Amino acid sequence: MRKNIVAGNWKMNTTVPEGVQLAKEVVEKSKEVPAEVGLIVATPFTHLCPVAEVLKGTRVELSAQNCADKEKGAYTGEVSVGMLVSTGAKWTILGHSERRQYYGENDSKLVDKVQLALAAGLKVILCVGENLDEREAGKHFDVVKTQTENVLYHFTAEDMKNIVVAYEPVWAIGTGKTATAEQAQEIHACIRKVLAAKFGAQVADDTTILYGGSCKPSNAKELFAQPDIDGGLIGGAALKADDFIGIAMSF
Ligand code: 13P
């Protein structure tokens, strides 16, 4: 049985004290969320250690938002998977569209990053999603299929136990324009089919697939009611503990 998860991607928001405060509020309110729902916060690198302290012994798990594509060495400004693990992080987001769009993240780099993350014992939230031009040209299924195959087909069924996929249509991120539940569901079903083709129906069925893009308490229920939507990757609404927990209560 796959797990329902709500993950907050804080992106490049909050100072360290603000992030610590937000994490404390999330922990406090997490008591309201049914125990079977997984809760994750993905903080900036600078926040990982102090937020790990706040999350210690709680149900809320810690994630990074990226990692280096090299193990260690002379790569100024990069943060390795080993460093992430040493902070207490259990997860990293990889392949977010903002990284693909602004920082030249490509599928081959992502394969290296996923490999390193899994080898270090981190779980991965791999993001895929089409941009507005691709959707308007009717290429959204193809784009998502290719992005998924290009990265995940390098891995094994065993690896998939530690990988979550997040479908984030770029046109819905931070725009207030959510994909309809039907639009999201049909892509999620497509991703599951792509996984089934490589890993078999059982692995596909066991893989958590999150939706991300202007998800908020008011639309989460309808999205999460879809058979292939197993939770959310939340940006803006994750910066307010009430909204984040409100979303997590929407299953
Ligand atoms: P928003 O929820 O702000 O649209 O961001 C979604 C996202 O990119 C999460 O990774």
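Every number for a ligand or one of its atoms is a count from 1 in the order of the listing. All figures in this text were calculated on a predicted structure; none of them were measured in a lab.
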Requested in this report: To the nearest 0.5 angstrom, please state how far the CZ atom of R100 sits from the CD atom of E105.
Outcome: 7.0 Å

Query raised in the report: What is the nearest protein non-hydrogen atom to atom 7 (C) of ligand 1, stated with its residue, atom name and distance?
Result: E168 OE2, 3.1 Å

Query - ligand 1 atoms in contact with G236 (distance to a heavy atom under 4.0 Å) - result: 1 (P), 2 (O), 3 (O)

Query - ligand 1 N/O within reach of G174 N/O, cut-off under 3.5 Å - result: yes

Requested in this report: Please indicate whether any nitrogen or oxygen in T175 is less than 3.5 Å from any nitrogen or oxygen in ligand 1.
Outcome: no

Report task. Mind checking whether L233 contacts ligand 1 via backbone (N, CA, C, O), side chain (CB onward), both or neither, at a 4.0 Å heavy-atom cut-off? Result -> both

Report task. Report the C-alpha distance between E168 and H96 in whole Å, list the side-chain angles of each, state the deciding distance to 0.1 Å, and finish with yes or no for side chain to side chain donor-acceptor pair (under 3.5 Å). Result -> CA-CA 8 Å; E168 299 206 309; H96 193 280; 2.9 Å; yes

Query raised in the report: Do the rings of H188 and Y211 sit parallel, tilted or perpendicular, given the 30° and 60° boundaries?
Result: tilted

Report summary line: Closest to atom 5 (O) of ligand 1 among protein heavy atoms sits K11 NZ, 3.2 Å

**Report entry** Pairs involving residues 3-23, ordered by first then second residue, that meet salt bridge (charged side-chain N to carboxylate O under 4.0 Å, His left out) (sequence neighbours left out)
**Finding:** K11-E98

Which pairs of donor and acceptor atoms, one on a side chain in residues 46-57, lie under 3.5 Å apart (sequence neighbours left out)?
| residue | atom | partner | partner atom | Å |
| --- | --- | --- | --- | --- |
| H47 | NE2 | T14 | O | 3.0 |
| H47 | NE2 | T14 | OG1 | 3.0 |
| H47 | NE2 | T15 | O | 3.1 |
| E53 | OE2 | K56 | NZ | 3.0 |

Query raised in the report: Quick check: does E98 get an N/O under 3.5 Å from an N/O on ligand 1?
Result: no

Query raised in the report: Are any non-hydrogen side-chain atoms of V164 and L126 less than 4.5 angstrom apart?
Result: no

Requested in this report: Indicate yes or no: does an N/O atom of G235 lie under 3.5 Å from an N/O atom of ligand 1?
Outcome: yes

Query raised in the report: Which of the atoms in ligand 1, numbered in the order shown and given with their element, are less than 4.0 Å from a heavy-atom of G213?
Result: 4 (O), 6 (C)

**Report entry** CD (E182) with more than 12 external heavy atoms under 6.0 Å
**Finding:** yes

Report task. Find all atoms of ligand 1 within a distance of less than 4.0 Å from any non-hydrogen atom belonging to A172, and give their numbers and elements. Result -> 4 (O)

